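All of these numbers come straight from a predicted model, not from anything done at the bench.
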Amino acid sequence: MTMTSLEKVVAKADRTADPDWWRGAVIYQIYPRSFQDSNGDGIGDLAGVTARLGYLEDLGVDAVWLSPFFKSPMKDFGYDVSDYCDVDPIFGTLDDFKRMVDEAHRRGIKVIIDQVLSHTSDQHPWFTESRADQTNPKADWYVWADAKEDGTPPNNWLSVFGGSSWEWDTQRCQYYLHNFLASQPDLNFHCPAVQDALLDVLKFWLDLGVDGFRLDTANFYFHDKQLRSNPPQTRSVAAIDAPRVNPYLRQDHIYDKSQPENLVFLQRMRRLLDQYPGTTTVGEIGDGDRSLTTMTAYTSGGDKLHMCYTFDLLGGAATHAYVEKTLKTFEAGAGDAWPCWALSNHDAVRHATRNLPLTQNPLRQGKLMGALHLCLRGSVCIYEGDELGLTEADLAFEDLVDPYGIRFWPEFKGRDGCRTPMVWEAEAVNAGFSDGKPWLPVPADHLEKAVDRQAGKADSQLEFYKAMIAWRRRSRALTKGSVRFLPSDGDILAFVRETDGETVLCVFNFGQSGAGFPLPEGLSVVSVADVGFGSTLVEGVATVPAESAFIATVK
């Protein structure tokens, strides 16, 4: 499918209205399978997304990010692509996609789509040709290696999804690399033709009018060309990239990902994006305790990715100490790098559940984390349902479809618990998601948090998110400004966001009791964000209730 010249001009004009729209933007992640089903097959689709864009416009987000909807055998639910340039029939058609983009743009919402460039499905035509023999034109498009003399894999690399990351292929009588499922062979980025082909894929979607790309596993593109084995992990690392039961955490992954050649490819990618002013990239970085450093390297200098997010706030504790350490560690080495912060996504336990052991009041805790999220320097990515306070679904084993969870059950239940359908109407069949049987069950305890139960209710989490997003969008300091941390005691985290002409004071109380925060000398409050925390200011001291925030414009 191609665009007319007029269509290309319209798309380009929309992007260039504000080329830096992504800087400080609020991005809403849609997992299409679970957002809205339009045809009763129990699986969400692109027409369903289009039907719900009014909700996102009302929420106030700047952009949507759609998880993969490309043709796929769905072994990993779309993250195993068999055709990068077409829509899988379960999600609709390319015409459905164009209609969705047009409607989103009409409502002032940008569209970011997932791109899974590190690997394909084993059903992709490229892999079919590559595995045929060792001399075909695509023989080196994937990572192939001979067995050791004893028949074992070429090195000790492990798959994120468990076991060796090498799979024996009987056609070529060689091993191929897969960092995830065996049905997801890794592309060989050391081959220039692979890079060219993938950049052509990005160009295809840019010409269709998309405003940017979320790049899956962006630090996995290159591998060590010498195939050196990873050393054992000698540092104490948090279980962020994988669960504790996965031996993946026992290696220091210095050779199977985050290679220096990646930076050169990202520069090639950026040169392509720069031909489409106003487009953007956001990379996913999973690099253990090096993630913040890698994120800085990938987004600094203005010639690589526009922004990245890591798993640091997707898996860590919502405590004052952890959050402060994460933010300060990044800022200490950030320079001109731009982060994109996420608290939940389709791969992580929802933050409402991760925080339950820390709170006496889940609703207040949800609002606290939402306020923090929307005050951070960088861009913000909200996962569908987080604005409702949805918790991780507790599914029975027979309901699981995620191969990751099925393999490591019951110690690790996989990712299905954060992927259950969106709840729109509490009394409707399947909460308004689908007229048919949903691909995952709708949790009964989610119904009370449905959109129709919260919309217009002053103290609901949904209305809080609307108010906070509106406050952020009105404030240049919160969207574009710098951050400066302030001294604080106990469970208080405090910082100011600053631009020329505007300063916003942000104070967060992670504790179980109220606390006071004396305003620093020289700061006086101009206006306070009325977002329902009940914080007060008396004689220069902000009194912040338990699990609450105080946000104010100051001079």
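- Distance alone, capped at 3.5 Å, places no donor-acceptor pair between the Asn361 side chain and the Gln365 backbone.
- Between the Lys367 side chain and the Gly532 main chain, no donor and acceptor come within less than 3.5 Å of each other.
- Within the model, atoms CG of Leu537 and CG of Leu519 stand 5.5 Å from one another, a figure rounded to the nearest 0.5 Å.
- For the atom pair OG (Ser229) and CD1 (Ile254), the distance works out to 10.5 Å, reported to the nearest 0.5 Å.
- Two residues are said to be in side-chain contact when any heavy atoms from C-beta on lie closer than 4.5 Å; Leu356 and Pro362 meet this criterion.
- In this structure, Asn355 contributes its side chain and Leu358 its backbone to no donor-acceptor pair below 3.5 Å.
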- Message: Show, in sequence, the C-alpha distance, side-chain angles and deciding distance for Leu372 and Val323, and conclude whether the side-chain contact (heavy atoms from CB on, under 4.5 Å) test is met.
- Response: CA-CA 10 Å; Leu372 171 71; Val323 171; 3.7 Å; yes
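- Contact check for Val507 versus Ser488: no side-chain heavy atoms found under the 4.5 Å cut-off.
- Note on residues 290-310: pairs passing salt bridge (charged side-chain N to carboxylate O under 4.0 Å, His left out), not counting sequence neighbours, are Asp252-Arg290.
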- In sequence, state the C-alpha distance, the side-chain angles, and the governing distance for Tyr465 and Gln454, and then conclude on side-chain hydrogen bond (donor to acceptor under 3.5 Å, both in side chains). CA-CA 11 Å; Tyr465 263 79; Gln454 297 197 41; over 6 Å; no
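- With a 4.5 Å cut-off on side-chain heavy atoms, Val26 and Tyr28 do not count as touching.
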- Evaluate the side-chain contact (heavy atoms from CB on, under 4.5 Å) criterion for residues Met468 and Cys375: first the C-alpha distance (whole Å), next the side-chain angles of each, then the deciding distance (0.1 Å), finally the verdict. CA-CA 9 Å; Met468 269 304 307; Cys375 287; 4.0 Å; yes
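- Minimum interatomic distance between Leu53 and Ala104 (heavy atoms only, all atoms of both residues): CD1-N, 3.6 Å.
- Between Leu327 and Arg377, the closest side-chain pair of non-hydrogen atoms is not below 4.5 Å.
- Just one residue in the list Val282, Asp114, Leu305 forms a side chain to side chain contact (heavy atoms under 4.5 Å, CB included) with Leu215, and that residue is Leu305.
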- Query: side-chain contact (heavy atoms from CB on, under 4.5 Å) between Arg472 and Val380: does it pass, once the steps are laid out?
  - Reply: CA-CA 11 Å; Arg472 179 182 175 92; Val380 168; 3.8 Å; yes
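- A salt bridge is absent between Lys328 and Glu331; no separation between the charged side-chain nitrogens and carboxylate oxygens falls under 4.0 Å.
- Within the model, atoms CG of Leu292 and NZ of Lys325 stand 10.0 Å from one another, a figure rounded to the nearest 0.5 Å.
- The shortest side-chain heavy-atom distance between Asn345 and Tyr309 falls under the 4.5 Å cut-off.
- Qualifying ring pair (Phe, Tyr, Trp, His ring centres under 6.0 Å) partners for Phe222, counting only residues two or more places apart in sequence or in other chains: Phe189, His190.
- Every pair passing salt bridge (charged side-chain N to carboxylate O under 4.0 Å, His left out) that includes a residue from residues 490-509 is listed here, sequence neighbours excluded: Arg484-Glu498.
- Residues satisfying the ring pair (Phe, Tyr, Trp, His ring centres under 6.0 Å) criterion with Phe508, sequence neighbours excluded, are Phe495.
- Note that CD1 of Ile382 and CH2 of Trp341 are 15.5 Å apart. Values are rounded to the nearest 0.5 Å.
- Counting only N and O atoms by type, the side chains of Glu387 and Tyr55 include a donor and acceptor under 3.5 Å apart.
- One N or O on the side chain of Trp157 and one on the backbone of Arg228 form a donor-acceptor pair closer than 3.5 Å.
- Side chain of Ser379 to backbone of Gly24: a donor-acceptor contact under 3.5 angstrom is found.
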- Intermediate values then yes/no, side-chain contact (heavy atoms from CB on, under 4.5 Å), Asp402 and Phe408: CA-CA 10 Å; Asp402 179 16; Phe408 286 102; over 6 Å; no
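- Within the structure, every pair that satisfies the salt bridge (charged side-chain N to carboxylate O under 4.0 Å, His left out) test and touches residues 277-286, not counting sequence neighbours, is listed here: Arg214-Glu284.
- Taking the side chain as every heavy atom from C-beta outward, Leu388 and Val451 approach each other to under 4.5 Å.
- Between Arg415 and Asp76 there is a salt bridge, since at least one side-chain N of the basic residue sits less than 4.0 Å from a carboxylate O of the acidic one.
- Listed for the Gln267 side chain is no donor-acceptor partner under 3.5 Å among the backbone atoms of Phe265.
- Gln233 has its side chain out of reach of Leu249: every pair of non-hydrogen atoms, C-beta onward, lies at least 4.5 Å apart.
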- Determine, step by step, whether Phe220 and Phe180 satisfy the ring pair (Phe, Tyr, Trp, His ring centres under 6.0 Å) criterion, reporting the C-alpha distance in whole Å, the side-chain angles of both residues, the deciding distance to 0.1 Å, and the verdict. CA-CA 11 Å; Phe220 280 74; Phe180 299 92; 5.4 Å; yes
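- Taking the six-membered ring where the residue is Trp, Trp338 and Trp22 present perpendicular rings, their angle passing 60° and hence far from 30°.
- Each ring-ring contact (aromatic ring centres under 6.0 Å, His included) pair with one or both residues in residues 514-542, not counting sequence neighbours, appears once here: Phe464-Phe533.
- In summary, Glu547 and Arg364 do not engage in a salt bridge, as defined by a charged side-chain N under 4.0 Å from a carboxylate O.
- Taking every heavy atom of both residues into account, Pro545 and Ser535 meet most closely at CD-OG, 3.4 Å.
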- Query: Given His105 and Asp211, is the side-chain hydrogen bond (donor to acceptor under 3.5 Å, both in side chains) satisfied, shown in steps?
  - Reply: CA-CA 10 Å; His105 286 169; Asp211 303 291; 2.7 Å; yes
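- At least one donor-acceptor pair under 3.5 Å links the side chain of Glu463 to the backbone N or O of Gly456.
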- Task: Kindly determine whether Tyr383 and Trp65 satisfy ring pair (Phe, Tyr, Trp, His ring centres under 6.0 Å), including the steps that lead there.
- Result: CA-CA 9 Å; Tyr383 181 47; Trp65 147 32; 8.1 Å; no
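- With hydrogens and angles disregarded, a donor-acceptor distance shorter than 3.5 Å links the side chain of Lys449 to the backbone of Gly389.
- Remark: side-chain polar atoms of Asp186 are not paired, donor with acceptor, to backbone N or O of His119 under 3.5 angstrom.
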- Please test Phe213 against Trp205 for ring pair (Phe, Tyr, Trp, His ring centres under 6.0 Å), starting from the C-alpha separation and ending with a verdict. CA-CA 9 Å; Phe213 303 107; Trp205 292 104; 8.4 Å; no
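- Taking CG from Asp256 and CG from Leu158, the interatomic distance works out to 8.0 Å, rounded to the nearest 0.5 Å.
- For Asp347 and Arg419, the salt-bridge test passes: some basic side-chain N is under 4.0 Å from an acidic carboxylate O.
- Here the straight-line distance linking atom CZ of Arg476 with atom OG1 of Thr499 works out to 6.5 Å at 0.5 Å rounding.
- Applying the side-chain hydrogen bond (donor to acceptor under 3.5 Å, both in side chains) test between Arg350 and each of Thr391, Thr420, Asp386 identifies Asp386 as the sole match.
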- Apply side-chain hydrogen bond (donor to acceptor under 3.5 Å, both in side chains) to Ser258 and Asn219, showing your working. CA-CA 5 Å; Ser258 304; Asn219 59 313; 3.0 Å; yes
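- Using modelled atom types, no side-chain atom of His253 and backbone atom of Asp287 make a donor-acceptor pair closer than 3.5 Å.
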